[in-house]
Colleague: 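If you scroll down you'll find the structure; I have some questions about it.
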Amino acid sequence: MSETFLKNAWYCAGWDTDVGIGKDDLVARRIAGRSILLYRKPDGTAVAMEDRCPHRSAPLSLGRKEGDAIRCMYHGMLFGPDGHCLKVPGMDRIPPGASVPVLPLVEKNNWIWVWMGDPARADPALICDAYSLDDPDLVLRGNSIRIDTNYRQEIANLADLSHISWVHDVTFGGTQSWGDIRPRHSRHPRGIETTYVVRAIPAPNFVRHLFPEEARFDIDVRVTLTVPCNFVMNFRVHAADGETSGPAKGNLLLDTFTSQSVTPRDENSIDYYFSWGTSRATIAPGIIDLMYRTNFEAFLEDKRILEGQRQRQLEYPDAPQIDIVHDAGPGRMLWVLDKLIEEETREEAGKAAA
Amino acid sequence: MSDWIDVIVAEKRAEAQDIAAFVLQATDGGVLPAYEAGAHIDVRLPNGLIRQYSLCGEPGRPDRYELGILMEAAGRGGSRFFHEQVGEGSVIQVSPPRNLFGIVPGKAALLFAGGIGVTPILAMAEHASRSGAAFEMHYCTRSASRAAFRRRIDASAFASRVCYHFDDQPETRLDARSLLRGPRLDTHIYVCGPDGFMDYVLGAAREAGWSESAIHFERFSAAELDASRDGAFEIEIADSGRVIAVPAGKSALEALAAAGIDIPVSCEQGICGTCLTEVIAGVPDHRDMFLSEAERAANNCFTPCCSRALTSRLVIQP
């Protein structure tokens, strides 16, 4: 049975630079179980439409740009950016139904967002509030990766950072303290918010050589997760203040910002877009490049675990899985998502009945 | 909680065997927040423990709170700390009073106190006596020497309405069955005491057919898990004031869901903490594996999938 995805939500379709204005820049994406074509019109406006010719299902991404329009290169049908067929070679009239569904598209903070549900409900206010690569106060670098897992496993991964101690031992980790925190997660209509301070930990392994062995830090973590799977985090590194609770009061050494958007391609694969960097005020020499490389390395660590986990889950589809204390974040975030999906399913069933 | 009040112990006196009374006054000598009979306060001890104690001060003293505390050698440490470390002149912090065990106006009252459970019951008796309500108080202790506040009761205007029951004097034993035979519509029952006592009185009331809405109780000990304590309680939603009954045999989460209040849930066994919910007043009966001992003692949240209540009502903020 294929997965039911949330439809009335903005899904990240990639970085704005992924879709150029070149003649061959026809970008094929798989988003929440649908095949989507992205391209730019000559004026630079991006268009998202179903990547399927309504004639015999040939991918339009194998087609050709002609001005604002796309020509299917199987039988030459031409479609405008509103999805309507403009021309069928050899025919004077356009047959009924010869149109391609077009999706609402908004570019915001360097990401392309497409709305997979009812176009009338595509409210841009619901787009994830990510950090912009163009923010003059920040220095960020973006990247992407594909992981063959179900996006729910990625949600669970992001809603529970205790895995930093284990999955990311050689990169972000180097202490078991991440595995000891049990943060409280507050709930919102479309996500959860989590803030906590991890105290008196040594420098993460990837920068440990830059500090004295005995240096200790307090990490102030503020995460917002929204559906379908957007993770925005301000991760602030302070000199340890010696306290065991309350806000971190030590010197702010590095103020980091990351935006991560996970788009399910289908039930077995995700496209993952992410950026990380620091405030201009706390930037250190070479740090942005080191963070960029380490972030990718760390996501390869996630990929290894998540793909192995998915493999086992498919091999043991009926095996029970037990819960532990670290499942509160995943439990809450998946509950929020499932509730929205359930509401949508109920609504659709109501409409179908009426 | 941010509104802690600093208070000084103005008087500490032995009230009965293993029971001491503590009179608290604001460090600035001012008036303390008012309360009604049945109210309790949170007390934050200097060692970080937070405990709930009922108020039993004498009427007409808005500048004083009074607590009666039983020394429980095998307890969780709050009472021992009080008896051993807190003396006249000690400064501690208390919360403003909260009342989850109020007396229903306009109804006659049958008051049952077991041991140190006398503190809210005594306040209720004084209130009922002042307001001219019909009431009767039954006060059970193991022996006469363990009956706190006896002098105050015997000197009161309502002394004749109080029956003492001492375990070591079998002829005085409480017979809840015959006392509660035939529920009276104009009467409510109030019970506070140790678990065995509560179960005995509440059991007799339910067996006799008293309606749940006429039975009020407050438990004060977090005893071992016992299926007989899967009883009914109420949940009040803080922002709306809505009250939802949690019947015996149904989880708080199920009762809330049936009332249309959705709380995220995953494991339903008190392990994962997904359903963790803020508690504003009342004492949860924590049955989860998620909270640490310190988090349990703070009583500011609980897992509604499996935990219940030691007070007849919990006020929560979902």
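Here is the naming used below: chain letters follow the sequence lines, and residue numbers restart at 1 for every chain.
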Colleague: So Ser292(B) and Arg182(A), do their side chains get closer than 4.5 Å, heavy atoms only?
Modeller: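 Side chain of Arg182(A) against side chain of Ser292(B), heavy atoms only: contact under 4.5 Å found.
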Colleague: If you measure from CG on Asp338(A) to OG on Ser266(B), what distance do you get to the nearest 0.5 Å?
Modeller: 10.0 Å
Colleague: Can you confirm whether more than 12 heavy atoms, excluding those of Met71(B), are under 6.0 Å from its CE atom?
Modeller: yes
Colleague: What is the minimum heavy-atom distance between Arg332(A) and Thr274(B), and which atoms define it?
Modeller: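 Minimum heavy-atom contact is NE-O, 2.6 Å.
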Colleague: Is it true that atom CD of Gln313(A) has more than 12 heavy atoms of other residues, nucleotides or ligands lying nearer than 6.0 Å?
Modeller: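 Buried by this count: over 12 neighbours within 6.0 Å.
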Colleague: Can you tell which of Met333(A), His185(A), Lys339(A) has the highest number of heavy-atom pairs within less than 4.5 Å of chain B?
Modeller: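 That would be Lys339(A).
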Colleague: Can you spot which of Asp323(A), Ile324(A), Asp327(A), Ile322(A) makes a side-chain contact (heavy atoms from CB on, under 4.5 Å) with Cys267(B)?
Modeller: Asp323(A)
Colleague: Heavy-atom distance under 4.5 Å between the side chains of Trp335(A) and Ile263(B), does that happen here?
Modeller: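 With C-beta onward as the side chain, the pair stays apart.
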Colleague: What do you reckon, is CD of Gln85(B) surrounded by more than 12 foreign heavy atoms closer than 6.0 Å?
Modeller: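 Buried by this count: over 12 neighbours within 6.0 Å.
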Colleague: Tell me, out of Gly329(A), Ala328(A), Gly331(A), Pro330(A), who's got the most heavy-atom pairs with chain B below 4.5 Å.
Modeller: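 Among the listed options, the one with the most contacts to chain B is Ala328(A).
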Colleague: Would a 4.5 Å heavy-atom cut-off, applied to side chains only, mark Cys301(B) and Arg184(A) as touching?
Modeller: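 Of all side-chain heavy-atom pairs linking Arg184(A) with Cys301(B), at least one is under 4.5 Å.
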Colleague: Is chain A contacted by the side chain of Asp288(B), its backbone, both, or neither, given a heavy-atom distance below 4.5 Å?
Modeller: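 Answer is neither: Asp288(B) stays 4.5 Å or more from chain A.
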Colleague: Can you tell which part of Gln269(B) gets under 4.5 Å to a heavy atom of chain A, answering side chain, backbone, both or neither?
Modeller: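 Neither part.
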